[in-house]
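Counting starts at 1 for both ligands and their atoms, in listed order.
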Amino acid sequence: MEEQAAKIRIGQLREILRENSRRYYVDNAPTMSDFEFDTLMHELERLEAEFPQFDSPDSPTRRVGSDLDAPMGRNAESGARQGFVQRPHRYPMLSLGNTYSIAEIEEFAARADKALDGIPFSYSCELKFDGTAICLTYRDGRLVQALTRGDGVQGDDVTDNVRRIESIPQRLHGDYPAEFEIRGEILMPYAAFDALNREREAQEEAPFANPRNAASGSLKLIDPEEVAHRGLICTLYHIPAESVSFTSHSEALDAAARWGLPVSDERRLCRNIDEIKAYIDHWDTERKYLPYATDGIVIKINELACQRALGYTAKSPRWAVAYKFKAEQACTELLSIDYQVGRTGAVTPVANLAPVQLSGTLVKRATLNNADQMALLDIRVGDWVFVEKGGEIIPKITGIDPAHRSPDALRPVFPANCPDCGTPLVKTETEARWFCPNQDGCPMQIKGRLLHFVSRKAMDILAGEMTVEQFFELGLARTPADLYAISKWQLVGLEGWQDRAAQRFLDSLEASRQVPFERVLFALGIRYVGETTAKALARHFGSIDALSEATQEQLLEVADVGEVIARSVYEFLHNPAHQEQIARLREAGLRFDGAGQDSALSDALSGKTIVISGNFSISRDQMKELIVAHGGKAGSSVSAKTAFLLAGSKPGPEKLRKCEKLGVPVIDEAAFRAMLPVATESAGSGLPPEGVSAAERGPVFSSSGDKPADADLPNNEQSVEELTLF
Ligand code: IVH
């Protein structure tokens, strides 16, 4: 490769890898499979080695991915601002070099042999657990600190949350050292993951893509009590050699197990490459029967003196390597292809498959992304195709089995016209996708925009696919502003609408008038403006008027807003039809300014720190929002400063005991609600009507679960835009 071409490619790779690292570690919502990520990382490593003149100390090849919350960071799951204190690691928390090739494991072993030059050593082979890394400190046998990996140099202090994970002992026994660190992984077993996602879907919340994201999201929850209910487990696999005086890694972990710490029983000492290969072969199949996710094998030089001799690179130890398993694949028949039109008009080909089991779920549909991808695969209806689950929850078709092709297999024809409204499709040079340009007339786009507007992360209005379909068909709503003109008498005359359902819908419309500006901005559905970008824009400009007046250059001043987003925002806000929509929504009473301000309802709880425990008629997060909206502070643990404990059903016994000891009053939900001014209880609270659980909200379909609403980046928008796959 020529120097100039290499420079450009290196720049591209660094950008892609940084962005995906942020999605993986911070948002817990990766858009790339591990294999794709690792392949790009290896390409960058190769290019940097070949062209050292383009070296950069902050290249992703030199840095450990960071899970630290970005300044504007939010927990992808709860949407709540994070408040973890960051603390330095005593020893940097590094990553591992990894490979998908046995030949490279052989090279690793040969390099170690050579470097250790006749000194006898062995390998500790272990499972590579697919969770989120944790670093625990024990002092005098007590757990005193738990930090996430963070950026490797400092991590988030999640000690309170880790204390609620049952398998992590608070106290050790036996002959433990006075102070030491131990590192490992927090995991969510498949059973807990399935239960959590079932619960989230029932509550119309977006499910987690995989157990790793669920574990990492759960560890960053604000409420330790909720962490306790997530079924997390822990396995520990590394004691920094500096922190203890053992002669080998396996000895250190055996000792840790004796002190009561959770250490895997699946470790094996191997003497040579053949034994390593046998271990890999065994777990390549056996891991399917483990109750938690693993993504490979870690091979470590066992003797600590040898580890010291080999040392570290900037990013990983030279004494260890990870062999990663490729994502599980299944092979099945392609029955037909649908072409789905999303809210932006993008047309996505979706494969209908003969149902097949893949990583514990039955897969019936998979995305084919776009016409180029179909051509690249040279796919035909009737082909046997390979399906893979990458980082995302939506499976992908990664290849076809040519041996299985029947002579009758039909080459699909990508439609020239919109499958919904018949308008000829268009494609620009820069886009891989075809678009229906009939924005104002294409029913799928109109319904898609309405669905996005009502979705939980946007305006949180009680309407799902069926309701939107009904409103559209009856001519009741084509644009978001139309929703605010719907009256109760119109609703009760419709099929399937009883008085109670109509009232709940209208209450949710009323409550949406209090939704903060940043979410209203997100709800408008501006292309490439996902939740995070909407928030950044709202905070920067403060109002729709200021945002509308901004030039593209001024838009570029906002963190993470590049040219594509700036142009999209500018064009959207200068389109007369959109301006009219915004004016009507403003007239309907929606908030178009005041970003970042609390939606204060009263100061009834001013100066009070309230700790909550147990279950309520609304979720715990909503209860905390209610406390804050009334001027109070939601505390996490009971202390002498706690005003009272708000106890729902099944409150934590520890908290109750502490209240009794400190004389802190305990009150129930009814008594609590009686403390709040009556007028703010229904419409203005921004919360669902009291006593109605999310699971029984209105005659609706999920408006969020299968349609994640975030679309910060063009490529992400494509994967999540409006695929109705499940
Ligand atoms: S040892 C200095 N052992 O994989 C290296 N890591 O992709 C210490 N991981 O950062 C790590 N299972 O979070 C080690 N048995 C195992 C592991 C393991 C999973 C994680 C760990 C590491 C990452 C690298």
* Structure fact -> Across all chains, not counting sequence neighbours, the side chain to side chain donor-acceptor pair (under 3.5 Å) partners of R139 are E179

* **Neighbour count >12 (heavy atoms, 6.0 Å) for atom CD, E43** => yes

Donor-acceptor pairs under 3.5 Å, side chain of residues 10-17 to any protein atom, not counting sequence neighbours: which ones?
unit_1: Q12; atom_1: OE1; unit_2: R9; atom_2: NH1; d: 3.2
unit_1: R14; atom_1: NE; unit_2: E48; atom_2: OE2; d: 3.1
unit_1: R14; atom_1: NE; unit_2: S59; atom_2: OG; d: 3.4
unit_1: R14; atom_1: NH1; unit_2: F54; atom_2: O; d: 3.4
unit_1: R14; atom_1: NH2; unit_2: E48; atom_2: OE2; d: 2.8
unit_1: R14; atom_1: NH2; unit_2: F54; atom_2: O; d: 2.8

* Decide, yes or no, whether a salt bridge links K324 with D130 under the criterion of side-chain N to carboxylate O below 4.0 Å. => no

* **Those protein residues which place at least one heavy atom below 4.0 Å from ligand 1** => L94, L96, E126, L127, K128, F129, A133, R149, E185, Y237, V298, K300, P317

Determine all donor-acceptor pairs shorter than 3.5 Å in which one atom belongs to a side chain in residues 106-123; sequence neighbours excluded.
unit_1: E106; atom_1: OE2; unit_2: K277; atom_2: NZ; d: 2.8
unit_1: S122; atom_1: OG; unit_2: E303; atom_2: OE2; d: 3.0

* R212/D295 salt bridge by N-O under 4.0 Å criterion -> no

